[in-house]
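Remarks on the structure that follows.
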2 protein chains.
Amino acid sequence: MKELLRTKGFKSTPQRELIFDCFFSLGKHVSVDELYQKVRELDPSVGHSTVWRNLKLICQLGLAEEVNIGDGITRYDRTTPKPHGHFFCRNCKKLLEFDVGSVMGALVEAAHEFEFEPDGYKIEVQGYCSDCRQDDRTNDVATRSANDERKA
Amino acid sequence: MKELLRTKGFKSTPQRELIFDCFFSLGKHVSVDELYQKVRELDPSVGHSTVWRNLKLICQLGLAEEVNIGDGITRYDRTTPKPHGHFFCRNCKKLLEFDVGSVMGALVEAAHEFEFEPDGYKIEVQGYCSDCRQDDRTNDVATRSANDERKA
DNA sequence: TTGAAAATGAAAGTCGTTTTCAATTGGCGA
DNA sequence: TCGCCAATTGAAAACGACTTTCATTTTCAA
Ligand SMILES: [Mn+2]
Ligand SMILES: [Mn+2]
Ligand SMILES: [Zn+2]
Ligand SMILES: [Zn+2]
């Protein structure tokens, strides 16, 4: 990691190392705040803006990219060798990843027809995951959701 | 329009009629502010929050849905009989629409494998449109973009 | 016509993101 | 190793789109 940073002209700092480590240990779809919390467990002196800036840096380095599911919170997703799609559950807010190999061909073809030069794909399917299916109202999360809707 | 509103239990007001008309005359991918500007040309007394609220109402009625391309601005897109995808040009920010019929099958199938019940699809391809292709640096927009990047 | 409910507009509040700025620090060259 | 300078940091403030509040006005069914 130090090496990657140096070759790209960035300095290595304790905060930066910590933030990078935490990001990659947390896994997929991490928000600034989630990462901030994690980092603070190990070093409470690290600032919010430093976490934010280094998350941006991680993106610049091509190690992650922003994911925006429309809830106003930007999440950072480790880049995968192949692009992947997301199933976003409207109820429990989980993001499931799935392979998009089978749709890429059609997308590339469509792009070609429009003389559009694609360099990024965002494929997101919204709905309800197996735990939250609407025909399965007996589990906890669904019940909670029903209550939420009633209140709103 | 009055009728649709009334049957759904909403009142008809001059502002509401104006906002609805302007929205449908503006076309696709309209932001609150764009619509607000347009409405104000015809009636400067209409408030920002009224435009916002009615845009939400238009969505509730199923006449439009929110589109989030990650630039922090929510846009409202008239619903189409069939779902469509977007090509988003990183340079000129244009949104081109394309038919996603050819990818829906694969998506539905993938969803089925995950026992995921889909009810919304967001298919967005980023890149450069024909006017802004990177191998075509002679046109205005691309040149402007190059200048922008130099400044930044 | 009249009253309850809905709608409006200005203003303020919210909240995640981004910038500012003074202080600190890493890393290269002497 | 030392010293310098640009990069980095952290606190705080600024930003900006979105959302809510509330007093007032308007709609529309009875
Ligand atoms: Mn992902
Ligand atoms: Mn569209
Ligand atoms: Zn779920
Ligand atoms: Zn373009």
Side-chain angles (χ1 to χ4, degrees), chain A residues 1-23 29-37 39-40 42-61 64-76 93 151-152, chain B residues 1-23 29-37 39-40 42-61 64-76 93 151-152:
Chain A
M1 189 51 61
K2 266 190 166 63
E3 309 76 52
L4 174 63
L5 284 170
R6 198 156 317 163
T7 62
K8 298 280 187 174
F10 297 101
K11 292 183 177 177
S12 168
T13 69
Q15 296 94 330
R16 179 161 287 168
E17 293 295 327
L18 177 60
I19 291 167
F20 275 52
D21 287 349
C22 286
F23 175 71
H29 317 130
V30 181
S31 68
V32 177
D33 234 54
E34 285 166 353
L35 181 54
Y36 177 62
Q37 298 306 329
V39 166
R40 289 219 130 207
L42 301 170
D43 181 352
S45 72
V46 177
H48 174 90
S49 39
T50 300
V51 173
W52 178 80
R53 279 186 289 236
N54 277 288
L55 227 20
K56 288 288 185 185
L57 177 58
I58 288 171
C59 290
Q60 274 185 54
L61 294 173
E65 50 192 37
E66 301 191 348
V67 176
N68 228 283
I69 55 179
D71 65 350
I73 294 176
T74 303
R75 288 163 192 283
Y76 295 80
K93 316 300 183 193
K151 270 193 296 183
Chain B
M1 186 51 59
K2 264 190 167 64
E3 308 76 53
L4 174 62
L5 284 170
R6 197 154 321 162
T7 61
K8 298 280 185 172
F10 298 100
K11 293 182 177 176
S12 168
T13 69
Q15 296 94 330
R16 178 162 287 170
E17 293 294 329
L18 177 59
I19 291 167
F20 275 53
D21 287 350
C22 286
F23 175 71
H29 317 129
V30 181
S31 68
V32 178
D33 233 54
E34 284 166 354
L35 181 54
Y36 177 62
Q37 298 306 330
V39 167
R40 289 219 130 206
L42 300 171
D43 180 352
S45 73
V46 176
H48 173 90
S49 40
T50 300
V51 173
W52 177 79
R53 279 185 288 234
N54 278 287
L55 227 19
K56 289 286 185 186
L57 178 57
I58 287 170
C59 290
Q60 275 185 54
L61 294 173
E65 51 191 37
E66 302 191 348
V67 175
N68 228 282
I69 55 180
D71 65 351
I73 294 177
T74 303
R75 288 163 192 286
Y76 296 81
K93 316 298 183 194
K151 270 192 296 184

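Only this structure's heavy atoms are used, side chains among them; waters, hydrogens and symmetry mates stay out. Note that this is a predicted model, so its numbers are computed, not measured. Sequence lines set the chain letters: A, B, ... in the order given, protein chains first and strands last, and positions in each chain run from 1.
Asn68(B) comes within 4.0 angstrom of no nucleic acid atom, judged by non-hydrogen atoms across all strands. Nucleic acid contact for Thr50(A): base, since at least one base atom lies under 4.0 Å from a heavy atom of the residue. Within 4.0 Å (heavy atoms only), Ser31(A) reaches no atom of the nucleic acid at all. Contact annotation for Ser49(A): base contact, defined as any heavy-atom pair under 4.0 Å involving a base atom. No contact: Asp71(A) has no heavy atom under 4.0 Å from any strand.
Residues Thr74(B) and Ser12(B) each lie close to DNA chain D; by heavy-atom proximity, the contact nearer the 5' end of the strand is made by Thr74(B). The 5' end of DNA chain D is approached more closely, in terms of each residue's nearest nucleotide, by Leu57(A) than by the other of Leu57(A) and Pro44(A). Judged by closest nucleotide on DNA chain C, His48(A) is the one of His48(A) and Arg53(A) placed further toward the 5' end.
Listed pair Arg16(B) / dT8(C) meets the phosphate criterion, a side-chain N or O lying under 4.0 Å from OP1 or OP2. For the pair Lys56(A) and dT18(C), the criterion of a side-chain N or O lying under 4.0 Å from OP1 or OP2 is met.
Counting all heavy atoms, side chain and backbone alike, Ile19(A) lies closest to Val51(A) at CD1-CA, 3.8 Å. Listed here is the closest heavy atom pair of Lys11(B) and Arg16(B): O-NH1, 2.7 Å. Taking all atoms of both residues into account, the shortest heavy-atom contact from His29(B) to Glu34(B) is O-OE1, 3.7 Å.
Counting to the nearest Å, the P atom of dA6(C) and the CZ atom of Phe10(B) are 10 Å from each other. The nearest whole Å value for the distance from the CG atom in Leu55(A) to the P atom in dG16(C) is 15 Å.
Counting 5' to 3', DNA chain D first comes under 4.0 angstrom of a heavy atom of chain B and last does so at the ends given by dA17(D) to dA29(D).
Using N1 to N3 plus N6-O4 or O6-N4 for Watson-Crick, or N1-O2 and O6-N3 for G-U wobble, each under 3.5 Å, dA30(D) pairs with dT1(C).
The side chain to side chain contact (heavy atoms under 4.5 Å, CB included) check on Glu65(A) picks up Thr79(A), with sequence neighbours excluded.
Counting heavy atoms from C-beta outward, Tyr76(A) and Leu35(A) have side chains that stay 4.5 Å or more apart. Two residues are said to be in side-chain contact when any heavy atoms from C-beta on lie closer than 4.5 Å; Phe10(B) and Leu61(B) meet this criterion.
With values rounded to the nearest 0.5 angstrom, Tyr36(B) atom OH is found 14.0 Å from Leu55(B) atom CG.
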